[in-house]
Undergrad: 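The structure is given below, and queries will be raised subsequently.
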Amino acid sequence: MRQRIKKATYCAARLLGLFHVARWLTRRGLRILCYHGVAMADEGQFRPSVFIQLDTFRDRMAYLARKGYPVLGLDEAIRRLDRGDLPPGATVITFDDGWHSIQRLALPVLEQHGFPATVYATTYYVTKQTPIFRLVVQYMMWKTEAKQLDVSDLSIEAASPIDLTDPAARHDAMWQIITHAEKNLTEDHRVALSRQLGQRLGVDYGLVADWRLFSLMTPDELRDAAAEGLDIQLHTHRHVLPKDKEGLLREISDNRAALEPLVGRPLDHFCYPDGTYSPRHFALLREAGIQSAATCDSGLNTPATERMALHRFVDGSTIAPIEFEAEMCGFAHLLRRLRSCLLGRRERGRP
Ligand SMILES: [Zn+2]
């Protein structure tokens, strides 16, 4: 219902010409788009917000070109944001994680428009070259048509067999399997477990691995993509953000150690894994030589925006074209500002 009201508001605003007004009012704001992977099979139905459909991605890029949004590289955009000389409607395109599908499907679309882009690459699975375990387990549990799953021989604390027709039991068992394996097993054993689960669930794990539905780019692919002009940046090695200084600095140095030899230059832009962060990270990141850090918080970026908490718009197949347009022109941003202003006033008006 809320979603329908939002779309109706956007449609009315566009009809009234308010999208043009918003674009002019927010022309100095830097837009940063966030993508993850592009769907190669049915993983786009499994996680539509993570794996965007190729046609949707093509439409988005064509829209940016048609509407004349200047797409800049991340580093240039940050420098010009500092200097205050960004072109009106300046936009940056980013991809999180470093999915194989980016190199295979998104890169040709970007090249067609001459758009630069940044990939924030997490590197543990780049070095392992196995499908991301927790995601492939969730996918197999989503895809299976099996009614029950026997895990009695897998040292997992779950009543076996698991009734897969019960959504709560299925969800709990899935996370028990993931937590158990991530805590206790090596990557080789996790792959073996994934195969076993695939057999029991009737999902071909070998095919998922061969098609690289949940695989990141190989070191060679990252090197080639960087040579083709893709900007590779940091996203931690193990896709975690440790709270302690030592842990955080290790994540960044391990990530750099894996990436810098491939791209042949120092890396100093960062993206928080899962978008979670806290202000106490800012000083630590600066200490590690980081120039900017991207979040998943919506909004435009102005010279006043904290560089260690850049705003981005997370796009995906669940976002309707009108929502994308509202974000790009800044109307959605202005609406959020108005809402928080009104809410703040209401809070202050309380006795
Ligand atoms: Zn990520």
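Side chains included, hydrogens not; waters and symmetry mates left out as well; all remaining heavy atoms used. In each ligand, atom 1 is the first atom listed, and ligand 1 is the first ligand listed. Just so you know, residue 1 is the first one in the sequence shown, and it goes up from there. A quick note: this is a predicted structure, and the numbers were derived from the prediction, not measured.
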Undergrad: Suppose we screen for side chain to side chain donor-acceptor pair (under 3.5 Å). Which residues come up paired with Arg23, at least two apart in sequence or across chains?
TA: none
Undergrad: Report yes or no: do Arg312 and Thr94 form a side-chain donor-acceptor pair below 3.5 Å?
TA: yes
Undergrad: Measure the acute angle between the ring planes of His113 and Phe115, then classify it against the limits of 30° and 60° as parallel, tilted or perpendicular.
TA: parallel
Undergrad: Just the protein N/O/S atoms under 2.8 Å from the Zn ion (ligand 1), please, no waters.
TA: Asp97 OD1, His235 NE2, His239 NE2
Undergrad: Using 30° and 60° as the class boundaries, would you call the ring planes of Tyr35 and Phe57 parallel, tilted or perpendicular?
TA: perpendicular
Undergrad: Step by step, work out the side-chain hydrogen bond (donor to acceptor under 3.5 Å, both in side chains) result for Asp188 and Thr186.
TA: CA-CA 5 Å; Asp188 285 347; Thr186 62; 5.3 Å; no
Undergrad: Could you tell me whether Phe46 and Phe51 have their ring centroids closer than 6.0 angstrom?
TA: no
